[in-house]
Every structure is written in C-alpha cells, then in structure tokens.
Amino acid sequence: MKALRKFLDKQKPHFQQGGRFEKLESTFEAFETFLFVPNTVTHSGAHIRDAIDMKRTMIFVIIGVIPTLLFGMWNVGYQHFLSYGQHTGIWTNFIFGLGKVLPIIIVSYAVGLGIEFLFAQIRHHEVNEGYLVTGILIPLIVPPDIPLWELAIAVAFAVIFGKEVFGGTGMNVFNPALTARAFLFFAYPGNMSGEKVWIADKLDSFSGATPLGKALVGNFHNFPSVHDMFFGFIPGSIGETSTFLIIIGGLFLLITGVASWRIMLSVFAGGYVMGLIFNLWGANQYMHLPAWEHLIMGGFAFGAVFMATDPVTSAQTTKGKYYYGFLIGMLAILIRVFNPAYPEGMMLAILLMNVFAPLIDHIIIQSNIKKRLKRARVALIE
Amino acid sequence: MSTVFFIKKGLDIRLLGDAEKIVVDLNPRLFAIKPTDFIGCFPKMLVKEGDVVKAGSPLFFDKYRDDIFFTSPVSGKVSGIRRGAKRKILEVVVESDGKNESLDFGAADPAKTDRETIMKKLLKSGLWPVIRQRPYSVTASPKEEPKAIFVPAFDSSPLAADFDLVVHGHGEEFQTGLDILARLTKGRVYLNVHAKKTMSKVFLNAKNVEINRFKGPHPSGNVSVHLNRLSPLNKGEVIWYVYPQDILAIGRLFLSGKHDTTRLIALTGSEIKHPQYYKTRTGASINEMVKDNVQKGELRYISGNVLTGDKIDKSGFVGFYHTQVTVIPEGNYYELFGWALPGFGKFSMSHTFPSFLYPDKKYRLDTNMHGGERAYVMTGMFEKVFPFDIYPLQLIKAILVEDIDLMENLGIYEIDAEDFALCEVIDTSKTEIQRIVRNGLELMRKEMS
C-alpha cells in the first residue's frame, strides 16, 4: 500500500499543470481517487465531514443491483436452454448467461466511461461517479441478444446527448440509462421488441413472448404463473424479470438510505391504483388483470426501484417525490394497457415524468414562496 | 410554563472531549480583538503599537458606521497590529499588564435610564458589537429598533459550553443585562432555554423576558430556529440577538460602570488532555490553555465549535463571539479504498456506514474531507438536518446563480450560514455550503443598503 502511494506521489507531478501529461490530469485524478480517498482537509466552514462521498453512494447502488444481475445471467442461460426443451444445471445456465451478458457490460462501461473521461478532460473537471451506476443499469434493461455495436451507439448517444450536453452529471434532464434504452427502442425496434429478442439464441419455433407481449394481444392462455413472474423465470430484459430480487435490492437501498422510499412507494401505489381503475372499467380481458399482477410484470419493479429513484432526474422536493412517483406508476400501466405499439410503458412513463419533474418542483416551491409572501403581508397589516 | 418546541430535524454529532465542569482562572499575557469577527466591519485604527490602554479604551471603529467602537478587553499596551493580504487588519493585540483596570463609564439603573443613554453607553464602552442582528448576522445597527431581541440560553452544537455554568452565580448581572435589553425594543425579549438541560435558576427565574422551551438535536439552540418558531422574520423586519456571556458584561457595565468581559471558555476536543473551563476575558490567547495540554500529532485548533468555528493557530486568540475552543486532529492522510471498505468507526449520518447501528458512540473525528467535490446529485438529505420551512438545496442554487429575487423568496432573511453547517457536514458532494450562504447574505446586504 505504501509502495503504491509512493509510486502515485512520484507520478503525480507529471499529470499536474506544467507536467508532461497535464492533459490527462482528470484521468489521473480519477484513478488516484479510486485507489485512495484523497488527503484534502477542510478549509472553510465545518471542520469535520461525514464519511460518505459520491463513490460510496454509487457503489451502494451497484451492490443493490448485483442480485438481479447475477440472477439475470442465470436466467439468460435458463431461458435459452428451455427454448430447446433442455433442463440444465445452475452453472451451465449461469456460464451461458455470463458469456452473453459480460460483453454487454464491458461495452457499456468502455464506451460510457471513455466518453465521460474525455469530457472531464476537455472541461478540466473531475470525473463524476454517476456513470458507474448507469453503466451497470444499461445491461440490465436490454435484451440478451442486443447487437453490441447497436449498444455502443446507444450508450454514446445517451452519455453525450442525454447527459454531457446538459453539463454532465447532476445537470441532466433524462435518466441516462433509459435514454440509451429509448434510443435502441426507436432506432432498432426489431432488436428491442417482439417475440424474438428476449431469449438469447432461442430455437426459432419456440415462442419467446414476454407476459406483457402476450397480454397486449389478449393471449392469456398459457400465461406464466404468478410464481414464475414474481421470481423471474420468464423471458425479458436481462435484469428486469425477478421482482423478488429487485425488492431485495430495493430494501438494501432503502435501509442504507441511498434511494428515496417516497418515490419507490408512490410508483408502486400509482401502478396499483391505475390497475384498480382498469379493473373497475373492465372493457377487455387485459383490464381485468388483477392490479397487483401488473406490478410483478415487465420492467415495472425494476423501473420503480432503480430508475425512477435516480436523484438527478426525479423530483427533488419531498412532496414532489410523491407526485412524481405516483404519476410514473399510473402512466406506466396506462401506456401498457392502451398503447397498441408498446407492450411496456415503464420506460416512457419515467422519461415523460423526467421532463415534468422540474415543473412539479416548481409548483411546490411556488407554494412555499406564496406562503412566505402571505406571512409578510399579514405582518404588514398588523 | 409555556409550550415546548420540539425540533425533530437535526443531528447531534457526538465527539470525544467534552469539557469537565472545572473552572480554572487564567490570565494570559496576550489578548486580541479581530476585526474579521465582525462581518462587514471596515476597521479604522485609533491606536498604534506601544499605546497604553485600559479595558474599554477604543482600539478601532467601523469606517462605515463610525459610532460603533471596538475596545480593549484588558489594560496594558498595544503590542501589535497584525495585517494580512492587502494590509487587511487581522488582529489588534494587547499585552495585558495583569491589573485589568477599566475606564469608568458610570453605573446606571436600567429602570431610570432612557434608551438613548443606554445606547450611548453601550456604543462608547465597546459592548455594542455583542448585539447582532438578523437578517445578515452582522453587528446591530444603532439606528434601527428591532421587533424583538432573542437570547439563546443553551448551545446545542458539538461539545458546546454549558451556559448554565457560564451564568452560575451571576444572577444579578444577568438580570440587569436583560433589563437593559428590554429597554432597547418595544417588542419582547425572548429567553430560549432547553426544555430539559437548562436547570439554572438564573435563566428559569429571569424576569422582564418571555421564556420559551426548546428540545431536540442540534440546531435546536440556533437563533434562527428560535426565530422561526416564535416570530418568523419577514422582509424589512429586524431582530437582535445576544448571548448570555455578553449579557453578563452588559449587566456589569451598568452595575459598576466598568468594561468587564470576564467569561468562561470551554476547552474541548478529542486532542485535549484535560478538557475544562477557563475563566478569562474576551479575545484571550489560547497559548497558555493548550500548552502541555494537547496530544501529539498535527492538530487543528478551532476558536468555536467544529461546525462553525474559525481555524486559528496554537498561539491564536479566541474569537469575539466564541465561548469554546476545540482541538481535533488534522486529517491529512490518504486512505486506500476508503470509500469501499465497511468503515467501522467512521462517522456518517447516512446508513452507508455501520455507524448508524451504534448511535451513542462518541467519535474522534479529524478534518479529512472524505472525498472530492462533485456536482449536486443526491436530494432530500439536507432536509433531514434543516428544521425550517425552507428548501435548502434550492436556496443554495439560487445563491450560486446570484438570483436576488429568488433568494429573497426562498427565505434567505430567515437563516444564517451556521444553520447550513450540518448540511455541509453531511453533503455527499463536499461543497462549501456555509461559504456559499455567507456570500449570499453579503450579496443581499449590499443589494439592500
């Protein structure tokens, strides 16, 4: 450890202003602070600081998605062999899935972090940790058969146009991971929807439709069991299938306080309420689907726990978070049931509410301002 | 008794090194008045090196408000005027002759003295600057009349001095001081005590004031919190506030006619061998207190508490408004994978460190930042330690873009930089929030004057 520190101290001057590699200062700083928490001390304001920092926060989100990631890898293999009618062991499934998923993760990180480093360098900024999370979320919301070059373009689009043009981490309007998915969805719809894409290298004759796909066309025969949908033994995006493990990850985020419970809770509440409204309406078979069943299908749970809770693109005020989450839940189910083109509504619901989040905050802050002005007027009259 | 205001949002940071209730008399050789303690003050010197002064002799005055004098706390001679960059005056040092002779400003009975005479006496004796105002937390303007005066009778910040001890045995001076304050406003004087911890009869039996009781974690002792609950400040309104040790000095001025700022200073912090109280005067050098009384290693000496205090060196001086000196270790070290390890023994309000499992543990915290500065990403954190009906992050951002109207609308008049200290401590993005807020307040003050 000391030797490593010595080595870094020796190299550091080359990367600072006037050094040989001064253009790579941000890159050096990123690697150095990855290895060592810096030795900077407080020099204004409070003399002591909480031990938490951005890296700590981000790593906890990553820990939160690891259960779904590992299960997703296994499920990719399981679904593949299932389409051939084979029942194989845990490890065979997992290793097949690993072979499919690992390249996706590598491409996601390589392209995304590459662009992040480049922008940090141009702006003489430190490299923000936000992409560490985005980079793992993207592989979890794409189908296992996604062509890597398409993914690379989508990641580049998301990072540049979803984030950097707004000023980088903390300034973006849209959730970067969902921006990548939306790009794929509209640019390469053939690889993002339908019956073919959700099972890796499946047997052609085998139907690979997701529960949502079936529900949309009114095919409620041989619908997967609630058990399978809850625990995730169904085809779908890599990380979205197991509601159970998503809840486990969500609980971890809630206990550690990294994600907002207000948003999570209200997304589920919104979805459930919309489901109930459809139950009352009951114009077709899809509307009769029990409201709670919506919550364990498709990407609803994953979106609620890991996507809607992105602090940058969600509402920032405490009250606003309730409205923001509730509307996401309602819209997601509304799009699912009514829109003939998109079987899943979660992605579009979250992106839409990303746009409205600042408006929600604005309304809530205005009411605070009005209250203050009213108090001042009353004081003036007295 | 009146209702108890329970402050729910906030955080008590438990540190090692609470001062024992032992009081030691201390007569240090050097004292100093630091013009930098008085925000917005532009000092014009009235003495030069070598001049002989008494307690209450003017050292300098404020160029922009030339009736406000700053006077020597002790008798002796001016031994140095220390200047910083651009010849800014940092410290006016007085070498004490040990006699503590004071100029005589004449005793007076508060009940029989009119407001103008009281004001004149306070201004001339140099005790006026103990009265500060909101908004902006600057020395009160003698030309205004406040709608109320606030006296916080407890300090909720980490390792704070016990104000019960500060006023112990000084009931008469304290009451006289309160009587004087009551003459300065047509409104009320609010004496705000802790619902459980305040035991002193000096506070609980005080007259001529309205006593209110508060409880809950820090910042429950901050003036802004009391203000917010009792009489929220609107645009154009002014309140004044004074701390108990300064009220004692005001009381003495009117009882004896002397300038006597005798006060207790709590010497605290994990690196102090014998944390205890020292009885001395305003602006005392800490040299004698910390000599042979600190642990080894690189140390941070703080005049005030760890949240809002000023960094001083080991022969520096206690600030004009401070009742506490804190010494903690510097945090000038690297930590391999510090952000990824479990981090037992580290302090964090977040639940990403195990510290939330043992809330009663006391910590030896250093000055390490524990991370680099980043953009604001997390939301909803500040609200947990910010007990006001104000949106902290939005206000900070309004200040950063210098939007005067928005700052005003979001309630900048109601707060002070110190109210954001806890936000700064728990900030994941490691930004200098108190400095930002102070800049915002200064911007407003210039804009409004």
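What you see is a predicted model, and the numbers here were worked out from it, not measured in a lab.
Proximity to chain A (any heavy atom under 4.5 Å) is shown, for B/L422, by neither the backbone nor the side chain. Residue B/I433: no heavy atom, backbone or side chain, is found under 4.5 Å from chain A. Only the backbone of B/L341 comes within contact range of chain A, with at least one heavy atom under 4.5 Å from a heavy atom of that chain. Heavy-atom distances place the side chain of B/E383, and not its backbone, under 4.5 Å from chain A. Using a 4.5 Å cut-off between heavy atoms, A/N172 does not touch chain B at all. Within the 4.5 angstrom heavy-atom criterion, no atom of B/S231 approaches chain A.
With a 4.5 Å cut-off on side-chain heavy atoms, A/N368 and B/Q394 do not count as touching. With contacts defined as side-chain heavy-atom distances shorter than 4.5 Å, the pair A/R372/B/I390 qualifies. Inter-residue side-chain proximity for A/T40 and B/E373 is flagged as unmet; no heavy-atom pair is nearer than 4.5 Å.
Close approach to chain A, defined as a heavy atom under 4.5 Å from one of its heavy atoms, is seen in B/E330, B/G331, B/N332, B/Y333, B/Y334, B/E335, B/L336, B/F337, B/G338, B/W339 of residues 330-339 of chain B, taken by number.
Taken from CD in B/E424 to OG1 in A/T42, the straight-line distance is 9.0 Å, to the nearest 0.5 Å.
Summarising the local packing, NZ of B/K361 is surrounded by more than 12 heavy atoms from other residues, nucleotides or ligands at distances under 6.0 Å.
Put simply, the side chain of B/K346 never gets that close to the backbone of A/D50: no donor and acceptor are under 3.5 Å apart. A/H47 contributes no side-chain N or O that, together with a main-chain N or O of B/T367, makes up a donor-acceptor pair within less than 3.5 Å. Although no hydrogens or angles enter the test, the distance criterion places a donor-acceptor pair under 3.5 Å between the side chain of A/R56 and the main chain of B/T352. In this structure a side-chain-to-backbone donor-acceptor pair under 3.5 Å is missing from B/R374 to A/T169.
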